[in-house]
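Shown next, in structure tokens, is the structure this report addresses.
Heavy atoms only: backbone and side chains are in, while hydrogens, waters and symmetry mates are out.
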Amino acid sequence: MPDSAKSPGTIRTQCCVVGGGPAGMMLGLLLARAGVEVVVLEKHADFFRDFRGDTIHPSTLDLMAELGCLEEFLSLPHQELHKIGATVNGVGVTMADFSHLPTHCKFIALMPQWDFLNFVSRRAARYPSFQLRMEAEATDLIEADGRVTGVIAKTPGGELQVRADLVVGADGRSSTVRAKAGLKVLESGVPIDVLWLRLPRLASDPLQSLGNFRNGRMMVMLDRGEYWQCAVIIPKGGYEQIRKAGLPAFQDYMLKIVPFLGERVRMLTTWDDVKLLTVQINRLREWARPGLLCIGDAAHAMSPAGGVGINLALQDAVATSNLLAEKLRTGTAGLEDLRAVQKRRELPTRLIQAIQVFIHRRVSGGQPGEIVDGLPLPMRIVTSLPFLTRIPARVVGLGFRPEHVETAEWA
């Protein structure tokens, strides 16, 4: 949309962040803390969305410690995952042990994403330069002379224009900002999709093993206290075929993977309780244009494997703040400064995506395989050499380039 257009409501800010997910809210907090005027646009009326990334990794908990709010954050209801275990063809094995990480917290915190986002929102609201606009859906970009200069948003009160020195697209894998900016997406083929659902949890259930593998089938189970949050891995595009086979067949499919669930699988009585996640692994060729930067899933969609998507998104936000806060405050952020964010964050992103693609193509393709008893060779090696569990723990818990808050709190 041309810069000269009028709208009933216009606000001016130094940075407009589109998307109130983990990357957008963390960036809003960090920039406001550093004295930058920032407006975050979130299209929903609240943060309550089920079956989102609920894993808070040790690197993120370190960020909370650096912000001086770790103790307060951990006072929120959560579960702690000190190891990642798997049950493979009926045999339990530890895949990752976080006890050796050089972090404040040697565990993954399992917490509903809405609790995390509400916490970050409350922290950000302490700074006068922070604004959060709920029910504000970005629909277009404002441009002038080849530069992005703002965002058009649809709100219950009418159209809103946000004029900004920098627009940050943090609006997820279906990013409007990315599409309107015409940024090219590079896709990596992924052979799976995921079906999310809930099943009741009993006190007598085995200790959480997270991943359950049986003869080529896979189901991930997150302990949410009173229930299991389950992710059933299916072949890419296979959901309609599964639905045609009927719920009883799907219930039997789950039972073959996790036999201890027993008759609880029959409590799934409607497909309305099953949510399809179409798994994508992709990244932008260029994350930035003059006046615009994409981060998080808008720059690189991840698969749910390892729950690392939220971790990478938050690391993007920290790197963006570290590199751009002072330049945004002084009005000197140029295209090369924006490209510096991609330069710093692209390698860790590509490494994690390569691991995810390998896992999905070689390990968790969702296709039933031949009946196998016991552990495959790679699992037997990990079991016989426990120190190897430190490697995936570091990849999942920290990533390849963990970021730290380098900006000072603005007086």
Side-chain angles (χ1 to χ4, degrees), residues 1-7 9-20 23-42 67 123-133 136 138 140-153 160-171 175-178 180-183 284 286-296 298-299 316-345 403-411:
M1 181 174 182
D3 190 48
S4 59
K6 303 290 186 182
S7 79
T10 302
I11 56 178
R12 184 74 177 83
T13 188
Q14 290 172 318
C15 182
C16 176
V17 180
V18 179
M25 290 305 300
M26 180 59 75
L27 179 59
L29 165 60
L30 293 173
L31 289 180
R33 178 180 178 272
V36 177
E37 294 177 1
V38 58
V39 174
V40 178
L41 303 179
E42 167 53 42
L67 293 171
R123 297 290 299 187
R126 298 163 64 236
Y127 300 101
S129 61
F130 176 82
Q131 289 188 59
L132 173 60
R133 296 293 186 102
D140 207 349
L141 299 175
I142 305 170
E143 299 188 45
D145 301 322
R147 178 184 177 86
V148 175
T149 60
V151 175
I152 303 294
L160 173 70
Q161 283 194 14
V162 183
R163 306 294 179 121
D165 298 331
L166 174 65
V167 172
V168 177
D171 49 342
S175 170
T176 297
V177 170
R178 181 179 70 194
K180 294 294 183 180
L183 298 175
L284 291 178
E286 297 286 344
W287 296 18
R289 278 183 50 193
L292 180 140
L293 173 69
C294 288
I295 64 172
D316 285 357
V318 177
T320 302
S321 175
N322 289 342
L323 292 166
L324 300 181
E326 182 178 355
K327 293 181 181 294
L328 286 170
R329 200 169 55 240
T330 57
T332 59
L335 180 58
E336 289 308 310
D337 299 309
L338 307 184
R339 286 173 172 165
V341 176
Q342 177 177 356
K343 183 177 180 180
R344 178 161 183 85
R345 295 303 309 159
E403 304 288 348
H404 298 278
V405 178
E406 297 174 0
T407 51
E409 189 169 20
W410 191 251

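Counting only distance, with no hydrogens or angles, the side chain of R345 and the backbone of T320 share no donor-acceptor pair below 3.5 Å. With hydrogens and angles disregarded, no donor-acceptor distance shorter than 3.5 Å links the side chain of R178 to the backbone of G169. Of the possible polar contacts, one joining the R289 side chain to the A181 backbone as a donor-acceptor pair under 3.5 Å is found. Under the 3.5 Å distance criterion, the side-chain polar atoms of N322 are matched with a main-chain donor or acceptor of E406. In this structure, E403 contributes its side chain and V318 its backbone to no donor-acceptor pair below 3.5 Å. Under the 3.5 Å distance criterion, the side-chain polar atoms of R147 are matched with a main-chain donor or acceptor of D165. In terms of modelled atom types and a separation under 3.5 Å, the side chain of R12 and the main chain of R163 share a donor-acceptor contact. For the pair T13 (side chain) and E37 (backbone), a donor-acceptor distance under 3.5 Å is present.
Atom OH in Y127 sits 6.5 Å away from atom CG in L29 (nearest 0.5 Å). For the atom pair CD1 of I152 and OG1 of T176, the computed distance is 13.0 Å after rounding to the nearest 0.5 Å. With rounding to the nearest 0.5 angstrom, the CD atom of Q161 is 10.5 Å from the CD1 atom of I11. Atom CZ of R329 sits about 8.5 Å away from atom OG1 of T407, to the nearest 0.5 Å. Rounded to the nearest 0.5 Å, atoms CE (M26) and CG (L31) are 11.5 Å apart.
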Exercise for review: Show your working on side chain to side chain contact (heavy atoms under 4.5 Å, CB included) between R33 and L67 and close with a plain yes or no.
Suggested key: CA-CA 10 Å; R33 178 180 178 272; L67 293 171; 3.6 Å; yes
Review point. Do L324 and L293 pass the side chain to side chain contact (heavy atoms under 4.5 Å, CB included) test, and can you show the C-alpha distance, the side-chain angles, and the key distance before you say yes or no?
Key: CA-CA 11 Å; L324 300 181; L293 173 69; 4.1 Å; yes
Exercise for review: Dump the intermediate steps for salt bridge (Lys or Arg N to Asp or Glu O under 4.0 Å) on E336 and R339, then the final yes or no.
Suggested key: CA-CA 5 Å; E336 289 308 310; R339 286 173 172 165; 2.8 Å; yes
Point to revise | V151 and I142: CA distance, side-chain angles, deciding distance, side chain to side chain contact (heavy atoms under 4.5 Å, CB included) verdict | key: CA-CA 5 Å; V151 175; I142 305 170; 5.9 Å; no
Exercise for review: Quick one: do V17 and L41 satisfy side chain to side chain contact (heavy atoms under 4.5 Å, CB included)? Show the steps, please.
Suggested key: CA-CA 6 Å; V17 180; L41 303 179; over 6 Å; no
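No side-chain heavy atom of R133 sits less than 4.5 Å from a side-chain heavy atom of V162. Between F130 and V40 the shortest side-chain heavy-atom distance falls below 4.5 Å. At least one side-chain heavy atom of L166 sits under 4.5 Å from a side-chain heavy atom of L338.
Contact detail for A298 and L284: the closest heavy-atom pair is O-CD1, 3.6 Å. Between A299 and C294, the shortest heavy-atom contact is CB-O, 3.5 Å. Smallest separation of non-hydrogen atoms from A333 and L328: CB-CD2, 4.2 Å. In plain terms, the two heavy atoms of A23 and G296 that are nearest each other are CB-CA, 4.4 Å. Among all heavy-atom pairs drawn from P290 and L335, the shortest one is N-CD1, 3.7 Å.
Screening V168, L27, I295 against D316 for a side-chain contact (heavy atoms from CB on, under 4.5 Å) leaves a single residue, I295.
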